[in-house]
Amino acid sequence: MTAWQNLQYKMLHSGSKVNLLIGINIIVFLLINVPDTLAQFLFRTGVIGYYSNEYLQLPSNLSVLLKHFWTPVTYMFMHAGWLHILFNMLWLYWFGQIFEEYLGKNRTVGLYLMGGLCGAFFFLLCYNTLPIFAHQDTSLVGASAGVMAIIIATATLLPDYSLSLFLIGPVKLKWIALFFVLIDFLGIIGPNSGGEIAHLGGALIGFVYIKQLQKGNDWVARISGIFRAKPKLKVVSKNSYGKSAGKPRQEEIDLILDKISQSGYDSLSKQEKEVLFRASSNEG
């Protein structure tokens with residue numbers, strides 16, 4: 001597989017919403033920063049970066065927010081630099097894989113968005129009510145609130161699950177989550193106050209979501225159900241594997257994935273590609 005085919009497969013056909021979120025974040029980062037870097041190198045000015053800061057980041061000023069009402073969503077796909085996006089995507093990948101392994105792939109995007117929106121709400125609330133932030137006009141950017149929601153949700157669900165950290169060894173998720181929350185709490189009076197507050201908002205929604213899920217209340221499923229189209233009647237036919245054209249069996253998918261790893265995506269037949277497409281459609 002070429003690099004682009006590999007990325008396209010992981011984003012759109014692997015079924016993992018973690019890969020989809022990482023892909024979107026990386027694409028947005030590159031679309032903004034590559035042209036802006038070239039513009040600064042050639043013309044000593046970065047036009048795209050200026051307009052992205054102006055129109056895509058979340059402003060603390062409510063009058064500006066009313067004009068840029070879309071920013072509570074767009075800000076969570078923006079990043080301040082390559083280190084910012086690198087660490088956010090690494091933690092999203094590590095914890096997101098565990099989250100999807102135990103809760104499936106249909107809750108990831110919903111929780112990410114809920115965490116980002118809750119982080120935005122906490123940010124706006126604090127900057128417009130607390131005296132310490134009076135007369136401070138700033139903006140918020142980054143996926144951290146959404147990522148924190150997934151981190152804390154995973155740690156709440158599986159507190160004794162261990163990750164092997166470089167130079168440290170196995171560490172239980174509950175201690176990693178506690179470390180993140182403590183660092184964010186101590187940082188709310190530092191230079192990145194708005195970001196730390198948003199992190200705590202995302203962490204809160206991740207914790208509450210799992211506690212509600214354990215009681216039988218799946219907020220993400222309810223929200224998704226509002227926008228999900230009703231299933232339509234479809235004709236079921238037989239494919240070359242002798243199975244119905246509904247959801248493929250896992251054995252079929254595994255054989256096709258093995259073939260991709262050995263010979264590449266282009267080696268698949270049209271029917272095998274259709275099986276992969278149906279598998280990703282049924283997963284979503």
Side-chain angles (χ1 to χ4, degrees), residues 6-29 72-79 84-121 142-159 161 163 173-174 176-177 180 198-229 247 250 253 257 276-284:
N6 187 39
L7 177 62
Q8 189 178 32
Y9 172 77
K10 288 185 176 180
M11 284 181 60
L12 301 177
H13 301 297
S14 69
S16 173
K17 301 305 187 291
V18 171
N19 292 339
L20 177 64
L21 288 172
I22 292 175
I24 293 173
N25 275 280
I26 292 175
I27 289 171
V28 170
F29 181 79
V73 174
T74 57
Y75 94 93
M76 67 181 83
F77 296 97
M78 304 276 295
H79 288 86
H84 190 200
I85 189 173
L86 174 64
F87 286 104
N88 270 342
M89 296 303 100
L90 283 175
W91 286 112
L92 175 59
Y93 179 79
W94 290 329
F95 277 82
Q97 293 292 319
I98 303 170
F99 181 86
E100 290 192 340
E101 179 181 354
Y102 284 86
L103 289 180
K105 300 173 182 177
N106 295 325
R107 295 180 173 92
T108 312
V109 174
L111 182 58
Y112 177 92
L113 293 174
M114 280 174 30
L117 291 173
C118 189
F121 173 77
S144 303
V147 174
M148 275 294 289
I150 292 175
I151 289 175
I152 301 304
T154 307
T156 304
L157 180 68
L158 304 163
Y161 189 106
L163 276 181
L173 298 190
K174 61 184 177 183
I176 298 176
F180 277 131
H199 298 174
L200 293 174
L204 177 64
I205 202 68
F207 175 79
V208 174
Y209 171 70
I210 293 299
K211 290 301 182 183
Q212 287 298 308
L213 184 63
Q214 291 170 339
K215 295 179 180 179
N217 300 319
D218 191 344
W219 295 346
V220 172
R222 289 184 180 182
I223 295 172
S224 301
I226 297 175
F227 301 99
R228 187 174 298 161
K247 184 176 180 179
Q250 187 62 44
I253 299 171
L257 293 178
L276 275 185
F277 178 77
R278 290 205 317 275
S280 63
S281 299
N282 278 280
E283 187 66 45

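A quick note: this is a predicted structure, and the numbers were derived from the prediction, not measured.
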Practice task
State which residues pass ring pair (Phe, Tyr, Trp, His ring centres under 6.0 Å) with Trp91; sequence neighbours excluded, sorted by chain then number.
Solution key: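 Partners of Trp91 under the ring pair (Phe, Tyr, Trp, His ring centres under 6.0 Å) test: Trp94, Phe95, Phe180.
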
What's the separation between atom [atom1] in [X] and atom [atom2] in [Y], rounded to the nearest 0.5 Å?
| X | Y | atom1 | atom2 | answer |
| --- | --- | --- | --- | --- |
| Ile152 | Phe207 | CD1 | CZ | 9.5 Å |
| Gln212 | Trp219 | CD | CH2 | 5.0 Å |
| Phe29 | Met78 | CZ | CE | 10.0 Å |
| Leu204 | Phe121 | CG | CZ | 10.5 Å |
| Thr156 | Ile151 | OG1 | CD1 | 11.5 Å |

Can you name the nearest heavy-atom pair linking [X] to [Y], along with the distance?
| X | Y | answer |
| --- | --- | --- |
| Ala145 | Gly115 | CB-O, 3.5 Å |
| Ala153 | Leu111 | CB-CD2, 3.6 Å |
| Ser144 | His199 | CB-NE2, 2.9 Å |
| Gly201 | Cys118 | O-SG, 3.2 Å |
| Ser16 | Gln97 | OG-NE2, 4.2 Å |

query: Stepwise, does the side chain to side chain contact (heavy atoms under 4.5 Å, CB included) test hold for Leu20 with Lys17?
result: CA-CA 5 Å; Leu20 177 64; Lys17 301 305 187 291; 4.3 Å; yes

For this session: Would you please test His79 and Val28 for side chain to side chain contact (heavy atoms under 4.5 Å, CB included) and show each step?
Result: CA-CA 9 Å; His79 288 86; Val28 170; over 6 Å; no

Are any non-hydrogen side-chain atoms of [X] and [Y] less than 4.5 angstrom apart?
| X | Y | result |
| --- | --- | --- |
| Leu92 | Met89 | yes |
| Thr154 | Tyr102 | no |
| Val18 | Ile150 | no |
| Met148 | Ile205 | no |

Name all residues meeting the side-chain contact (heavy atoms from CB on, under 4.5 Å) criterion together with Leu103; count only those two or more places apart in sequence or in a different chain, and write none if there are none.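 Residues passing side-chain contact (heavy atoms from CB on, under 4.5 Å) with Leu103: Phe99, Arg107, Leu157, Ile210, Leu213.
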
Holding to side chain to side chain donor-acceptor pair (under 3.5 Å), I want the full list of residues that pass it with [X], two or more places apart in sequence or in another chain.
| X | value |
| --- | --- |
| Thr108 | Glu100 |
| Lys211 | none |
| Glu101 | none |

Exercise. Among pairs that include at least one residue of residues 112-121, which meet side-chain hydrogen bond (donor to acceptor under 3.5 Å, both in side chains), considering only residues two or more places apart or in two chains?
Worked result: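 Only Asn25-Tyr112 qualify under side-chain hydrogen bond (donor to acceptor under 3.5 Å, both in side chains).
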
Quick check against the 3.5 Å criterion: does Tyr75 have a side-chain atom that pairs as donor or acceptor with the backbone of Gly116?
yes

